[in-house]
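Down below is the structure, laid out as structure tokens.
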Amino acid sequence: MNKNVVIGLLGPVLDSGKEPKRWERWRPTVSVCQHEELLVHRFDLIYQRRYASLLKSVIADIRQVSPETEVVPHCIEFRDPWDFEEVFAALHDFARGYAFDTEQETYLVHITTGTHVAQICMFLLTEAHYFPAKLIQTGPTNQPEQKVAGNYTIIDLDLSKYDRIATRFNQEKRDDISFLKSGIETRSPRFNALIEQIERVAINSVDPILLMGPTGAGKSQLARRIFELKKARRQVSGLFVEVNCATLRGDGAMSALFGHRRGAFTGAIQDRHGLLQSADKGMLFLDEIGELGLDEQAMLLRAIEEHRFLPIGSDTEAQSDFQLLCGTNRDLGQEVAKGRFRGDLLARINLWTFCLPGLAERTEDIEPNLEYELECFAEKNGNRVSFNQQAKRRFLAFAIGPEARWSANFRDLNGAVKRMATLAPAGRITVEVVEEEIQRLRNSWRDKADDPGRSLLREVLGEESAAELDSFEQVQLAEVVRVCRSVATLSGAGRKLFSVSRQGKKSSNDADRLRKYLARFNLDWDRVRQGSIMS
Amino acid sequence: MITIDGSQGEGGGQILRSALALSLVTGKPFCIENIRARRKKPGLMRQHLTAVNAAVEVGKAAVSGNSIGSSRITFAPTGLSSGQYHFAVGTAGSCTLVLQTVLPALIVADDPSEIVLEGGTHNAAAPPFDFLAGSFLPLLNQMGPSVKAALERPGFYPAGGGRIRVKITPSRKLTPLHLLQRGGIVDRSARAIVARLPYSIADREIAVVKEKLAWDADCLRSVEVPDSSGPGNALVITVASEQVTEIFTGFGESGVSAETVADRAVREAQEYLASDAPVGRHLADQLLLPLALAGAGSFRTLSPTAHTTTNIEVLRYFLDLDLKVKQQDEQTWLVSIDGKPPLVGSRAYSSL
């Protein structure tokens, strides 16, 4: 069993009393030693010299009611016991000089005595683990048999030990996480873990946060959510200022970010507060930070580090205290290597880097997001639209299938829902609407496809037939079509395509072999040469 | 090893103290579980821990579980050591309860001892010093040893600070004691003690005694004790008969009127006086153990309390006893022990 050690201050008022009558009164320091179930092995009693005689009688009284307790007096002088700085410094020194032995001793910091300032300091030093202790709070009671000893409560500041408080905190945390996810019940474990981490960082840090991820993955939305969460927690009081750095190119970039003085350059007719200034005490979200020019990067770095910057044409520095959030879909490390991004700026902003996965990597989250988008549509248009069951099944099957590339991520999903909801007859999204939308999505992704072979196939086979090919066949057929278009005759194409295998044969009919191959795809020489019959 | 369920019967600290006392006397190790299990604050409290540690000292015992709140201890004495002892009880706990734990062993030890006890001398729910000195010790001394107790300073709850000095000349053999008749009453008195409190409290208690017991004014006294460090009050009613002196005590408590305090003590005295039993309830409790150690003896008493029956239970764990409790009439019971004296003290240790 560890020894109980109480650390407390002698209370000049509450602990006072020399007459026998003092035994009829609750005196906090003595009372700590008057409980049947609390054995104090040592009492480290902090006192001021002018109360030395009170100290003597309190020690004697403790010895009488608690012969098991050794009282160790510690003299600490406060010129002004109500001066926070002085009291804190003195108690801090005491705590740092104390040889704690937590293996052998359990410490209880008695916070009922001393000035309120001293009590607060004792609390803070305990909370910050300078005293590796629990708190003990004592108080009088009305029960006659406990009148003198009073009662006491031991408080462990490790709140996780308190069920109800912990439940409250967990609920709050769940609320925060749900808030960051805009209330969407996302199912992707990777994404959920990411958001949990972001919540912790958002609540506890004022350092820059870097959100990486493909376009449309929700960086901007998440940035705004982080801001709103901090605002709800009263951690920021200013504004959320958002800018896409790709729009900041050229001469106006400096002025937009850092502001300018009137007359700084032609057209600077009046003073302009830059975005950094607007974000004071709030949050600045620089999306596509990789697009920021090198000069601006240098200014920004200093503004992050010192909260100071020089507006264009100004002699005096402006101040702004903001939390920086950055978004990027580029590999900034590579940008640094190419000399397009400052390494020191990257080092400063990637303390907390979170990589948002694209929608195609979070297929389990498509359904909850689909519901969310429908809600948003209803809210915006005052028109509730829903899927019929079969339509929903069809859409989800496509959405989570390999065909769906979701290359613009949530922007794609949002667009799809908007279109389907608008086209839905009588507020119901039907299978027909879904089929049309699927076609539209296919087209949009196909157009962006950078593979010339695939567009070649679409040309000769038509969209649907081309989509039905395995990629194994796609590659082969695309090459065949390319060769066919590069020579004048079927035989010429055959010779080229089978140039290796024909050498081992006495005779070969390459043209026939090619014709048969093409026939398997319902193609013939003319069609391959002319392009698709269907488009 | 003897294993005792501490939650049985009276279920409090008494089982523990009796077991410790008997273990010291007989040298038999024991284990007690569920200590004070049904109490509001279960397990060992500070005063119990003081008793355990005192027993450890006297019996040079190996012990486990001797910490606050512990519900189980094992205790194995290795030999009795007489001599000078000083036991201080915290929270103004009772000195006499600690004495109770070590006294039986020291009266059968080989050498004399002197014990200084500090703490409470007049505690509720414990034998007060007056009872010890005036009622119990004279009877114990009739059995062979010589135990003299002096009150050097009274101590009351919550200040404590009392001191009792006890000098023990042991007797290796205890003579059986038979208390079947009270004999004629030779003296009666009531003393109301106040310390650091208004004298009127004592006077009001005496007034209750005078009214209810109708005793002569010259045997009633209010006494102020000057040397107590804290406030306190007790009413001590003494009935001295030819064979035995009985003492009944009431204790002043915060929030309880002087009249109520006096009333409680008076009612106990009245019940005793209304019967012809020589031994009152509290004294019966105290006598059981010495009689069991003597191997024989008897007394007539009032209906047994939970304390008494629990004490008997604990005795049976350590001693092979022929102990009978028989109701004799509506008010009196006969407690008798008939057998050979058990091995006690150093002979008991060397026989193990």
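Letters A, B, ... are given to chains in the order of the sequence lines, protein chains preceding strands, and every chain is numbered from 1. Below, each value reflects all heavy atoms present in this structure, side chains not excepted, and no hydrogens, waters or symmetry copies.
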Item checked: Residue selection (most heavy-atom pairs with chain A, distance under 4.5 Å) from B:Pro158, B:Gly119, B:Gly160, B:Gly162 -> B:Pro158

Next item on the list: For residues B:Tyr157 and A:Ala149, report the shortest heavy-atom separation together with the two atoms involved.
Entry: OH-CB, 4.5 Å

Next item on the list: Can you establish whether the number of heavy atoms outside B:Arg39 located under 6.0 Å from its atom CZ is more than 12?
Entry: yes

Next item on the list: Might you confirm whether atom CD of A:Gln171 has over 12 heavy atoms from other residues, nucleotides or ligands at distances under 6.0 Å?
Entry: yes

Margin query: Just so I understand: if I count every heavy-atom pair under 4.5 Å between each of B:Ala92, B:Gly69, B:Ser229 and chain A, which residue has the most?
Written below: B:Ser229

Check: When you look at CZ of B:Arg153, are more than 12 heavy atoms from neighbouring residues, nucleotides or ligands closer to it than 6.0 Å?
Finding: yes

Item checked: Among the listed options A:Glu19, A:Lys21, A:Glu24, the residue most often paired with chain B at heavy-atom distances under 4.5 Å -> A:Glu24

Checklist line | Side chain, backbone, both or neither of B:Leu49 within contact of chain A (heavy atoms, under 4.5 Å) | finding: side chain

Checklist line | Over all atoms of both residues, closest heavy-atom pair of B:Pro231 and A:Pro20 | finding: CD-O, 3.9 Å

Notebook entry, point to check: So which of B:Gly255, B:Ala195, B:Ser254 has the biggest tally of heavy-atom pairs under 4.5 Å with chain A?
Noted result: B:Ser254

Margin query: Report which part of B:Val256 has an atom under 4.5 Å of a heavy atom belonging to chain A: side chain, backbone, both, or neither.
Written below: neither

Margin query: For a quick test of reading the model, state the closest non-hydrogen atom pair linking B:Ala159 to A:Gln64 and the distance between them.
Written below: O-NE2, 2.8 Å

Item checked: Charged N-O contact under 4.0 Å between A:Glu36 and B:Arg46 -> no

Notebook entry, point to check: Crowded around A:Asn204 CG? As in, over 12 foreign heavy atoms under 6.0 Å?
Noted result: yes

Margin query: Counting only heavy atoms from other residues, nucleotides and ligands, does the tally under 6.0 Å from CZ of A:Arg168 exceed 12?
Written below: no

Next item on the list: Against chain A, label B:Thr50 side chain, backbone, both or neither, depending on which of its atoms sit under 4.5 Å from a heavy atom there.
Entry: side chain

Checklist line | Selection from A:Gln143, A:Gln34, A:Lys147 maximising heavy-atom pairs under 4.5 Å formed with chain B | finding: A:Gln34

Next item on the list: Check each atom of B:Glu253 against the heavy atoms of chain A and say whether the ones under 4.5 Å are side chain, backbone, both or neither.
Entry: neither

Check: Could you give the distance from CD (A:Glu37) to NE2 (B:His48), rounded to the nearest 0.5 Å?
Finding: 11.5 Å

Margin query: Other residues, nucleotides and ligands only: do more than 12 of their heavy atoms fall within 6.0 Å of NE2 on A:His74?
Written below: yes

Next item on the list: Could you tell me which portion of A:Glu68 (side chain, backbone, both or neither) has an atom closer than 4.5 angstrom to a non-hydrogen atom of chain B?
Entry: side chain

Next item on the list: Side-chain contact test, heavy atoms from C-beta onward, threshold under 4.5 Å: evaluate it for A:Val65 versus B:Thr91 and give yes or no.
Entry: no

